[in-house]
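Comments concern the structure below.
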Amino acid sequence: MPVITLPDGATRDYAAPVAGTRLTADIGKRLAKDALAIKVDGVLRDLSYEIGGDAAIEVVTRGHPEALALLRHDAAHVLAEAVQELYPETQVTFGPATEDGFYYDFARAKPFTPEDLAAIEARMHEIVVRDEPLVREIWPRGKAIAHFASIGETYKAEHIESLPEDAEISIYRQGGWLDLCLGPHLPSTGRLGHAFKLLRISGAYWRGDAGNRQLQRVYGTAWETREQLEAYLTQLEEAAKRDHRRLGRELQLFHQQEEAVGSTFWHPRGWQLWRSIEDYLRRKLKDGGYLEVKSPQLYDRLLWEASGHWEKFREQMFIAESEQRMLAVKPMNCPGHVLMFRQGIKSYRDLPLRFAEFGSCHRNEPSGALHGLMRVRAFTQDDGHIFCRPDQVVSETETFCALLLEIYRAFGFEEVRVKFSDRPERRAGSDETWDRAEAALMEATEAAGLEFASNPGEGAFYGPKLEFVLKDAIGRDWQCGTFQVDFVMPERLGAVYTGEDGGKHRPVMLHRAILGSFERFIAILIENFAGRFPLWLAPRQVTVATVTDAADGYAEEAVKALQAAGLRAEADLRNEKINAKIRDLSLAKVPAIAVVGRKEADNRSVALRRLGGKTQEVLALEAAVAKLAEEARPPA
RNA sequence: GCCGGGAUAGCUCAGUCGGUAGAGCAACCGAUUUGUAAUCGGUAGGUCGUCGGUUCGAGUCCGACCCCCGGCACCA
């Protein structure tokens, strides 16, 4: 006798097991029509699921937190049905919902074309109109394997074979089509609606393994309503407008070209931005007790063999040769810093010794991985290595985390997540060493009071690490900072200090970076601010624009006064109307425009207009200079 | 590295059936002296990614390669 409890506490008694469809129909016509699935005691089920005993029920409709994932998963199935109707020779494999849509991986000899995509999408809409019912069936394992094998669906058959022996094999019929799937699903394809769109085609490896055959992946997005779909597509366009590659060109920050693939040409304005960041960081590091150093670019292969890099990263290192010695351009700064540490005798009194370096590194990244400034072959890390005693790890971790959060805040990033990554499969150092390193980092993390998510198996080959992920203005996550506890490298490269007891001891090495790489961090800043940098970072801070050439002399004077106050100021004396100048400077995202005409020249004032603002503020020149100079001061 | 797509003036893009390259903006020159998001007129600008092939003739068709873009894989 099931007693059904609804979310509002109301109950309904049934004399016999009741299906979700019946239940929703009993509650109301409207609900019956809108229902997508039900949650029975917290477990998501098909609407057709028979509730056999007392249960707490939630009906999932559009607007429910889990509705989107259901819709997207169904969209993937509708996609698969459409593809197999149009291209029967195609095999289906997997098709999950993703964070903002869905995809389905297909196996076929001929790749899809963009025209295919349009045809598939049209067919998907037809399948929705057909309103095919989705029916769940449980099949014996053997029957399922035989069925899929017999219709040539070898990937599905292989997948079932890989499932545990006792796994329930559920099959969903969708009209005349069927697919192996865990479910749950909507009651019929009509409930999906039409708020979906196919977006792109790409290759993807079977089971995510590059050693396997490559499949054809079709990506799409699906939403509860057409308005949401439109909003999402608009948001994609907006994100594209922030693309750092585009803004980098438009704002004349940098460029990249074939002759130096994976490297960056920093133009004057981009380099100005870089230096503003570097100057700020340098000050914070100095205050934090770091000693800035500069280590070599090229090292003998013997060093990389000793550090373990040669074994693990040889393929990604740039190699050079000289007089029968094999050299490699450094992909990291840490071995160099250990060599510096080893110079002279170190006492426990010298620790912690904090080296910082804006270290330029090269890694031969796979060509397909390169992406603007986000993934390059030549980059500069805000690197640092802290050599300390084991008993100093906790306090160093706390201090570092505080510094990192402060610096992120200075750049406008308030929200930061932390991931704890432990030992990877391929690693250096004994299990005992890893036990110690992980325990030490865990203790330090807890002491620092950080909330963290665990990220198993993702540590560096020489030690566990914390990864710091910040959220940008449009909600995207970027992993930037890192903090790694390393007991391995000091041992491999022979770093020691003399302890209080007069004996030799191994220092612990803490690898740390806050921005990660300048290149990537600048890309993130560009996209975060959409090119509208805060005054202290903006390469062009203020432009004095003349209304008439009668004000040219005064404009030059105003520029000099601004520059004398440390501002990056220039004059726009072009023979253009003020409207054109305002427009050009606005498009160039110059934060402040000081307009000067006859009036201003006569009474030594400026009409200050802010980027994006509609109004202006007339100030005495001295007042404007003081105001802007104050605003342009970097964070403390 | 793998799959797919792309590359034409500084930028954004057009270029039909293979017939010898075009627009807007930017640049430059001139006129205009302008009051808060595009003043008007003129001039110049191209080895159509590179190399090779087919053809009387290639931006266009074919092949190889380079680079870029979207994913996948990778990411110390």
For [X] and [N], what is the distance between atoms [atom1] and [atom2] respectively, to the nearest whole Å?
X: A:R532; N: B:rA37; atom1: CZ; atom2: P; value: 14 Å
X: A:H511; N: B:rA76; atom1: NE2; atom2: C1'; value: 9 Å
X: A:E258; N: B:rC67; atom1: CD; atom2: C1'; value: 4 Å

Would you say [Y] and [X] are linked by a side-chain donor-acceptor pair, where the criterion is simply a distance under 3.5 Å?
X: A:K330; Y: A:S360; answer: no
X: A:K581; Y: A:T543; answer: no
X: A:Q214; Y: A:W206; answer: no

Donor-acceptor pair under 3.5 Å, [X] side chain vs [N] base:
X: A:Q252; N: B:rG10; value: no
X: A:N579; N: B:rU36; value: no
X: A:R375; N: B:rC75; value: yes

Starting at the 5' end of RNA chain B and moving along, which residue's nearest nucleotide shows up first, A:K614 or A:E365?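 Of the two residues, A:K614 wins.
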
I want to confirm an ordering. Mapping A:F112 and A:D209 to their closest nucleotides on RNA chain B, which one lands closer to the 5' end?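 It is A:F112, whose closest nucleotide lies nearer the 5' terminus.
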
Taking only the side-chain nitrogens and oxygens of [X], find out if one of them lies under 4.0 Å from OP1 or OP2 of [N].
X: A:R217; N: B:rC2; result: no
X: A:R245; N: B:rC69; result: yes
X: A:Y205; N: B:rG1; result: no

Between B:rA76, B:rC68, B:rG35, which nucleotide has the shortest distance from any of its atoms to the side chain of A:V261?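 Per side-chain heavy atoms of A:V261, the pick is B:rC68.
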
On the 0 to 90° scale, with breaks at 30° and 60°, tag the A:Y299-A:W304 ring pair as parallel, tilted or perpendicular. perpendicular

